[in-house]
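Everything on this sheet refers to the single structure shown next.
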Amino acid sequence: MSGGWWAVSLLGETSATPRLEPDVTQAILDALHDVMTSPWIYLALFALAMLDGFFPVVPAETSVITAGVFAAATGAPDLLLVILVAALGAFVGDHVSYAIGRTTNDRLRNGRRSRRAFAWAERALAERGGLVLVVARYIPGGRTACTLTMGAVAYPRRSFALFDALAAGSWAIYSGLIGYVGGAAFENDPIKGLLLGLGIALTITVVVEVVRHLRHRRTAPRVESAPLTSGERRGGAAA
């Protein structure tokens, strides 16, 4: 199937494709430009960032990166406003997820697919406290699992809001600036700028996952083979 596709592609390059590709690319650019210059773009970014808090298949980060690319390449939308509305949307969405965790904790915790994510979130919460919200932003599926878990364990709402403001703000700045860097690198070709921005985001995500995996492999044997403290030995002897 893939071989046939490549054959068609090669044949297309020698015939009508060179005339069609610029038209298709320009149509995509025009559509994206119309969206990015619309005054509704800020509301759309807010809504996507909010929905991503409890419905993680929504392409919130991709949308913010795209907006950053066009902010650098065309001057619209405004980068500061993009970062602001994305941060606010993420903050609201996380609080919705927190509330869901408070009301449906048992059903979510015992779900076949969500059990591992909840187990990771609980361990991370015990180790790092509220700062885990910042770390979870850059782990696939970690954000939703973390906010739901913090709601399920009744983590103090005021502390949650404080750490979540830091997490949402850092994520919005990170996503907007990645897009802006890509757009500045390819001012005359926003598509390449978008690909660069998404490539940077994907690379960072992969690096974070690899580091997290290596750290987990190193710490797991230590935990299993850790010697008992004197208090634990005395407790065991007393028993």
Side-chain angles (χ1 to χ4, degrees), residues 40-65 67-68 71 77-111 113-180 201 204-205 208-209 211-212 215:
W40 294 101
I41 183 60
Y42 303 108
L43 181 60
L45 291 173
F46 174 88
L48 289 172
M50 180 188 68
L51 290 171
D52 188 46
F54 50 92
F55 192 60
V57 298
V58 174
E61 185 169 310
T62 302
S63 301
V64 177
I65 291 174
D78 183 83
L79 180 63
L80 291 179
L81 286 177
V82 166
I83 292 173
L84 179 61
V85 297
L88 287 174
F91 183 81
V92 173
D94 288 347
H95 278 72
V96 173
S97 180
Y98 177 93
I100 294 173
R102 289 290 295 268
T103 57
T104 60
N105 54 352
D106 291 335
R107 184 169 54 185
L108 290 170
R109 190 188 301 274
N110 296 325
R113 295 183 179 180
S114 59
R115 190 175 302 160
R116 290 182 60 186
F118 269 85
W120 170 85
E122 288 181 330
R123 289 195 305 268
L125 185 58
E127 294 172 2
R128 303 182 181 89
L131 285 176
V132 71
L133 271 173
V134 181
V135 178
R137 285 279 170 182
Y138 308 98
I139 298 174
R143 171 193 177 187
T144 305
C146 184
T147 51
L148 286 170
T149 301
M150 293 179 87
V153 301
Y155 191 83
R157 192 181 297 271
R158 182 175 298 180
S159 297
F160 176 83
L162 176 63
F163 284 109
D164 191 52
L166 176 62
S170 64
W171 169 79
I173 293 171
Y174 155 82
S175 301
L177 288 183
I178 281 181
Y180 194 85
I204 292 174
T205 300
V208 169
E209 279 292 282
V211 171
R212 188 171 69 90
R215 288 188 62 187

Got a list of side-chain donor-acceptor pairs under 3.5 Å for residues 167-177, not counting sequence neighbours?
{"residue": "Ser170", "atom": "OG", "partner": "Leu166", "partner atom": "O", "Å": "3.1"}
{"residue": "Ser170", "atom": "OG", "partner": "Ala167", "partner atom": "O", "Å": "2.9"}
{"residue": "Trp171", "atom": "NE1", "partner": "Glu61", "partner atom": "OE1", "Å": "3.3"}
{"residue": "Trp171", "atom": "NE1", "partner": "Ser175", "partner atom": "OG", "Å": "3.4"}
{"residue": "Ser175", "atom": "OG", "partner": "Trp171", "partner atom": "O", "Å": "3.0"}

Straight-line distance of Ile178 CD1 to Ile204 CD1, nearest 0.5 Å: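 Those atoms lie 4.0 Å apart.
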From Thr103 atom OG1 to Leu148 atom CG, the distance as rounded to the nearest 0.5 Å: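 So the OG1 of Thr103 and the CG of Leu148 are separated by 9.5 Å.
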Atom pairs and distances, donor-acceptor, side-chain atoms in residues 43-59, under 3.5 Å, two or more places apart:
{"residue": "Asp52", "atom": "OD2", "partner": "Arg143", "partner atom": "NH1", "Å": "2.9"}

Salt bridge (charged side-chain N to carboxylate O under 4.0 Å, His left out) partners of residues 79-91, not counting sequence neighbours, each pair once: none
Sequence neighbours excluded - ring-ring contact (aromatic ring centres under 6.0 Å, His included) pairs with any residue from residues 142-161: His95-Phe160, Tyr98-Phe160
Residue pair Asp164, Met150: steps toward the side chain to side chain contact (heavy atoms under 4.5 Å, CB included) verdict: CA-CA 11 Å; Asp164 191 52; Met150 293 179 87; over 6 Å; no
Closest heavy-atom pair and its distance - Leu81, Tyr42: CB-CE2, 3.4 Å
Gly68 versus Leu79, closest heavy-atom pair with distance: CA-CD1, 4.2 Å
Polar side-chain atom of Thr104 near backbone of Gly101 as donor-acceptor pair, under 3.5 Å: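 Pair absent, no side-chain N/O of Thr104 close to backbone of Gly101.
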Could you list the donor-acceptor pairs under 3.5 angstrom formed by side chains in residues 82-91, with sequence neighbours left out?
none

Qualifying side-chain hydrogen bond (donor to acceptor under 3.5 Å, both in side chains) pairs with a residue from residues 77-89, counting only residues at least two apart or across chains: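 Passing the test, one end in residues 77-89: no pairs.
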